[in-house]
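For reference, the structure is listed below as structure tokens.
Atoms within a ligand are numbered from 1 in the order they appear, just like the ligands themselves. Along the sequence shown, residues carry numbers from 1.
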Amino acid sequence: MDLAVTNATVVTLDGDGLGIVDDGTIAVDGHRIEYVGPASGFDGAPDRVLDAEGCIVLPGLVDAHRHSGHALLRGGAQDLPEIEWMTDGLGPIARHATTADRIAGTRLAVAESLLSGVTTFGEYASEVGSLIEEVYEPLGLRVVAIETINEVVDDREERGPDEPYAFDRSKGENALDRAEALFENYGEHPLVTPAYGPQAVDMVSPELLRTVGERAGEHGRDFHVHVAQGERERRQIEARYGADESTVTVLAEEDLLGERLVAIHCHDATAGERKRIADAGARFVGCPSSIGAIDGVVPPLTEFLDHGAVVAVGTDQAPGPGGHDFFRELRTASLLSKTDATDPTAMPAWETLQRGTVGGARALGLGDAVGTLAEGTPADFVVVDLDVPNLAPAVSEPLHTAVPNLVFSGGSRGLRDVFVAGARVVADGSIQGMDVEAVVAEAQERAERVFDEAAVDWRAADSTLVSRADEGWL
Ligand SMILES: [Zn+2]
């Protein structure tokens with residue numbers, strides 16, 4: 001036995017309630033958990049002991065949906081109308097980011113997430129393999145690698161919102177080939193699980209949607225789709241398929257509405273359509289900060305829970321909502337759900353923590369492996385020191401206050417250790433194998449270049465932010 005973490009309050013999320021164990025021990029042998037439970041039941045002889053007095057141990061958090069590379073463009077597109085966000089706000093800048101820039105942005109975003117307890121990442125990107133090779137594998141993190149498949153030609157900003165985007169079929173075929181290469185290269189990898197990422201129904205031809213659905217069904221693979229993202233998408237679908245069609249009807253017609261679908265967002269679907277998605281067995285990921293910032297909308301997390309769906313949370317992207325701190329995302333998920341429902345009992349702390357752990361794992365198709373702490377499962381867990389100003393005090397009688405404290409007041413402060421498959425990837429708050437200062441400095445340098453190179457295009461796109469900047473607000 002390699003290691004035992006002792007003297008901790010352990011939250012297993014296994015069994016009834018949160019599975020809170022006072023004076024708990026978690027022991028690791030190799031990649032797996034050998035023991036988790038009360039100290040009194042542990043009689044192993046570990047090589048190392050990590051004293052976690054005053055700490056809480058919980059399953060590694062699962063950020064089920066994100067585009068980490070955009071972290072380089074943090075602050076570049078927010079406070080503008082939804083119809084402008086992608087095409088006129090972020091797009092003109094993002095087009096100037098190279099693969100190397102996206103790798104640097106991913107490193108930055110991953111650092112932010114690791115320091116807020118994320119061990120499993122739903123990474124959605126074009127050429128996602130480069131991010132796996134350069135960032136995730138060297139750090140030893142668990143990742144679902146979703147290859148973005150998008151066929152929209154690059155001149156789309158010159159078209160009106162009611163004119164269907166022109167498609168470049170070879171662009172889609174190349175992306176599909178990259179996805180297949182991922183399955184080839186990482187099919188048996190212990191930490192990397194590939195998936196298809198047809199970006200959205202308005203951005204991929206029906207022919208390619210069908211191909212993805214067929215292959216996914218044939219080989220038992222998942223596909224993650226941004227579903228019903230808002231007015232821009234709705235107008236595109238109506239322009240291409242007709243006024244009576246919607247993203248959900250097209251998904252159904254192309255035979256994609258089923259258990260292999262991981263549906264992201266869904267806020268612009270009707271209530272009936274959302275039930276239809278859930279009834280089809282699709283999993284749902286809501287990204288409250290992102291959708292709050294871009295759309296001014298609360299994602300339908302509680303609605304999908306009411307329908308009995310698997311529900312998870314994602315940070316999505318940094319430009320707009322600002323970042324990838326997952327404790328902040330959980331707080332946002334809970335608070336927005338409460339205000340949206342005008343019900344303070346909506347999305348309580350325990351439910352929110354479940355969404356950020358076991359819910360995320362199930363949404364990513366990893367529910368049998370991670371998201372809970374149990375004997376025999378991979379040792380993915382985090383140790384948070386509760387003796388810090390934003391988390392203290394924590395009591396265990398007559399109720400445990402540590403979990404609400406974490407969900408409503410957690411952050412990188414207090415984050416002590418992170419383990420993925422038994423490896424200590426954060427030790428005493430320090431990311432192993434990463435010079436965070438150098439990562440930040442590189443991101444700064446690259447961001448200055450990207451924004452500078454994009455300046456002419458950004459002005460030409462003439463989003464609301466251009467005049468705001470000229471007026472001195474930005
Ligand atoms: Zn997304």
With carbon and hydrogen excluded and only N/O/S kept, which atom of His67 is nearest the Zn ion (ligand 1)?
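Of all N, O or S atoms in His67, the Zn ion (ligand 1) lies closest to NE2.
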So which of the N, O or S atoms of Asp316 lies nearest the Zn ion (ligand 1)?
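Answer by atom name: OD1.
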How open is the angle at the Zn ion (ligand 1) from atom NE2 of His65 over to atom NE2 of His226, rounded to 10 degrees?
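Between NE2 of His65 and NE2 of His226, the angle at the Zn ion (ligand 1) is about 90°.
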Does Tyr196 have Arg215 sitting over its ring (NZ/CZ under 6.0 Å from centre, angle to axis within 45°)?
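Not flagged: Arg215 not positioned over aromatic ring of Tyr196.
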Do NZ/NE/NH1/NH2 and the carboxylate oxygens of Asp79 and Arg468 come within less than 4.0 Å?
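A salt bridge is absent here (no side-chain N lies under 4.0 Å from a carboxylate O).
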Quick one: which of Asp295, Asp162, Asp268 gives a salt bridge (charged side-chain N to carboxylate O under 4.0 Å, His left out) with Arg234?
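Going through Asp295, Asp162, Asp268 one by one, the salt bridge (charged side-chain N to carboxylate O under 4.0 Å, His left out) with Arg234 is satisfied by Asp268 alone.
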Just by distance, no angles: are the side chains of His226 and His65 close enough, under 3.5 Å, to form a donor-acceptor pair?
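A pair is found: one side chain offers a donor N or O, the other an acceptor, under 3.5 Å apart.
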